[in-house]
Amino acid sequence: MPSGPDGSVMEIAVYGAGGVGAYYGGRLAQQGHDVTFIARGEHLDALRTEGLAVESVAGDFEVDCPATDDPAAVGEVDLVLFCVKSYDTADAAASLDAMLRPDSAVLSLQNGVDNEDVLADVVGTERVWGGVTYIFSTIASPGVVEHTGGPGRVIFGQYHDVDGPAPDRPALADDFLDACEAAAGMRADYTDSVHATLWDKFALICAQAGLTAATRQPFGVINDTDETWALYRRVMEEVVAVAHAEGVRFEWDPVTKWLDAMTSMDNDENYSSLHYDLTHGKRMELDALHGSAVRRARERNVDVPAVEAVNAILRPQADANEP
Ligand SMILES: NC(=O)C1=CN([C@@H]2O[C@H](COP(=O)(O)OP(=O)(O)OC[C@H]3O[C@@H](n4cnc5c(N)ncnc54)[C@H](O)[C@@H]3O)[C@@H](O)[C@H]2O)C=CC1
Ligand SMILES: CC(C)(CO)C(=O)C(=O)O
């Protein structure tokens with residue numbers, strides 16, 4: 001049964017119903033929320049005709065939700081889960097308006113630290129929630145999403161200027177937290193430290209995605225190889241230095257936190273979505289990850305030789321995978 005605070009149904013559009021978006025949207029639909037998928041191509045055709053099938057380590061399920069490639073046809077919703085790849089952010093953001101009321105929100109679950117500003121420029125900062133997610137999930141075939149691991153965890157917060165105070169938590173965020181708590185196979189937490197949360201994930205993903213993609217090896221091999229493990233740490237340290245230079249304040253040390261967490265998890269076989277895209281000939285998010293870190297470091301005069309090296313190593317393959 002739906003589980004808003006008063007038992008209400010949330011109206012949710014999933015913009016980019018791929019590995020991440022269809023998984024979380026499907027879980028919320030499974031719980032009875034009113035979810036519409038925005039997708040395209042053969043995947044959209046399959047969602048329309050067969051519905052969504054999710055093969056998940058947290059339990060397989062199927063749901064049948066309306067699906068479209070036209071955001072204007074969705075109508076107004078409470079929340080847009082914004083889950084396109086970062087290279088599609090600007091194009092997709094341009095058609096958000098038709099789905100939003102003044103009190104609606106757009107929650108980005110994307111990797112990278114550039115997306116929220118792009119969204120805020122289009123829909124206004126007050127309607128943007130910055131978010132991160134920890135999951136391994138991909139489109140296995142049209143209409144079929146495969147969730148192979150990760151805790152299925154979302155952390156999000158009202159976006160705001162990096163120098164300003166965190167705004168009050170919006171009432172809609174409580175509705176969404178309740179919806180997530182009631183749903184199977186996912187968990188969400190709210191943060192007042194949205195910038196630190198985004199950069200904390202950015203530091204991890206630059207190391208995890210960068211090193212798994214550059215070496216084509218899973219985490220366990222990287223962790224077992226002294227030189228490679230040193231580079232993994234170095235990438236994180238450099239990204240955190242850029243965050244500090246941008247005025248992001250952490251109440252924890254992301255490098256120690258992630259090195260401890262990653263080595264204590266059952267993680268040895270894991271790669272990353274960037275590695276998946278690289279090895280499947282798909283367009284890569286390199287520009288939004290290491291490319292962005294390098295650009296931001298240059299603007300702030302921070303030395304990031306390890307991030308530059310990973311960026312340079314991956315660039316030819318990223319260029320080759322461009323459509
Ligand atoms: N896949 C994973 O396990 C994880 C991914 N992420 C991040 O989440 C974001 C989404 O990644 P994935 O779900 O893997 O991507 P995906 O490629 O599986 O899904 C995105 C979908 O959006 C669709 N799309 C893009 N623009 C569209 C438009 N204008 N209209 C309709 N459909 C559109 C694409 O066709 C694609 O099917 C990325 O930023 C990624 O880095 C974060 C954590 C884990
Ligand atoms: C952190 C990780 C590796 C899994 O959530 C990820 O974000 C990705 O694969 O893109």
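We number each residue from 1, following the sequence as shown. One-based numbering, in listed order, for ligands and for the atoms of each.
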At under 4.0 Å between heavy atoms, is it the side chain or the backbone of Tyr15 that contacts ligand 1, or both, or neither? side chain
Non-hydrogen side-chain atoms of Leu96 and Phe82 separated by less than 4.5 Å: yes
In terms of atom number and element, which parts of ligand 2 are under 4.0 angstrom from non-hydrogen atoms of Ser272? 9 (O)
Give me the nearest non-hydrogen protein atom to atom 44 (C) of ligand 1 as residue plus atom name, then the distance to 0.1 Å. Ile135 O, 3.1 Å
Arg283 touching ligand 1 at heavy-atom level, < 4.0 angstrom: no
How does Leu274 reach ligand 2, by side chain, by backbone, by both or by neither, if only non-hydrogen atoms under 4.0 Å count? neither
Identity and distance of the protein heavy atom lying nearest atom 38 (C) of ligand 1: Glu285 OE2, 3.3 Å
Taking the side chain as every heavy atom from C-beta outward, state whether Thr225 and Gln217 have any atom pair closer than 4.5 Å. no
Indicate, as side chain, backbone, both or neither, the part of Tyr276 found under 4.0 angstrom from ligand 2 when only non-hydrogen atoms are considered. neither
Any protein heavy atom < 4.0 Å from atom 36 (C) of ligand 1: no
Identify, by atom number and element, the atoms of ligand 2 in contact range of Tyr134, meaning under 4.0 Å from any of its heavy atoms. 5 (O)
My understanding is that we take every heavy atom of each candidate and find the minimum distance to atom 25 (C) of ligand 1. Doing that for Lys85, Arg40, Glu42, Gln110, which one comes out nearest? Arg40
Asp97 and Arg127 ion-paired at < 4.0 Å: yes
Once you restrict to heavy atoms under 4.0 Å, what part of Leu109 touches ligand 1? Side chain, backbone, both or neither. backbone
Return yes or no for this condition: an N or O of Asn111 is under 3.5 Å from an N or O of ligand 1. yes
Would a 4.5 Å heavy-atom cut-off, applied to side chains only, mark Phe136 and Tyr276 as touching? no
Using heavy atoms and a threshold below 4.0 Å, how should the contact between Asn111 and ligand 2 be classified: side chain, backbone, both, or neither? side chain
The protein heavy atom nearest to atom 2 (C) of ligand 2 is Ile205 CD1, 3.9 Å
Pairing of Asp189 and Arg153 as salt bridge, 4.0 angstrom limit: yes
Has ligand 1 got any nitrogen or oxygen that is less than 3.5 angstrom from a nitrogen or oxygen of Thr133? no
Would you mind checking which non-hydrogen protein atom is closest to atom 10 (O) of ligand 2, with the distance to 0.1 Å? Ser273 OG, 2.5 Å
Between Arg298 and Glu308, is the closest basic N to carboxylate O distance under 4.0 Å? yes
Among protein heavy atoms, which lies nearest atom 18 (O) of ligand 1, and at what distance? Gly19 N, 2.9 Å
Which protein non-hydrogen atom lies closest to atom 10 (C) of ligand 1, naming both residue and atom, and how far is it? Cys83 O, 3.2 Å
What protein heavy atom sits nearest atom 2 (C) of ligand 1, and how far away is it? Ser137 O, 3.5 Å
Heavy-atom contacts with Gln208 under 4.0 Å: which atoms of ligand 2 show up? List them by number with element. 3 (C)
Would you call Arg40 and Asp88 a salt bridge, taking side-chain N to carboxylate O under 4.0 Å as the test? yes
Any carboxylate oxygen within less than 4.0 angstrom of a Lys/Arg side-chain nitrogen, looking at Arg296 and Glu246? yes
Output yes when Arg295 and Asp287 qualify as a salt bridge under the 4.0 Å nitrogen-oxygen rule, no when they do not. yes
Among all protein heavy atoms, pick the one closest to atom 19 (O) of ligand 1 and tell me residue, atom and distance. Gly18 CA, 3.2 Å
Examine Gly16 against ligand 1 and note whether any of their N/O atoms are separated by less than 3.5 Å. no
I need the atoms of ligand 2 closer than 4.0 Å to a non-hydrogen atom of Lys201, numbered in the order shown. 1 (C), 6 (C), 7 (O)
Residue pair Thr133 / Tyr24, side-chain heavy-atom distance below 4.5 Å: yes
Of all protein heavy atoms, the one nearest atom 13 (O) of ligand 1 is Val20 N, 2.8 Å
Please indicate whether any nitrogen or oxygen in Ile139 is less than 3.5 Å from any nitrogen or oxygen in ligand 1. no
Quick test: of every protein heavy atom, which one is nearest to atom 4 (C) of ligand 2, and how far off is it to 0.1 Å? Ile135 O, 3.3 Å
Would you say the side chain of Cys65 lies within less than 4.5 Å of the side chain of Leu52, judging by non-hydrogen atoms? no
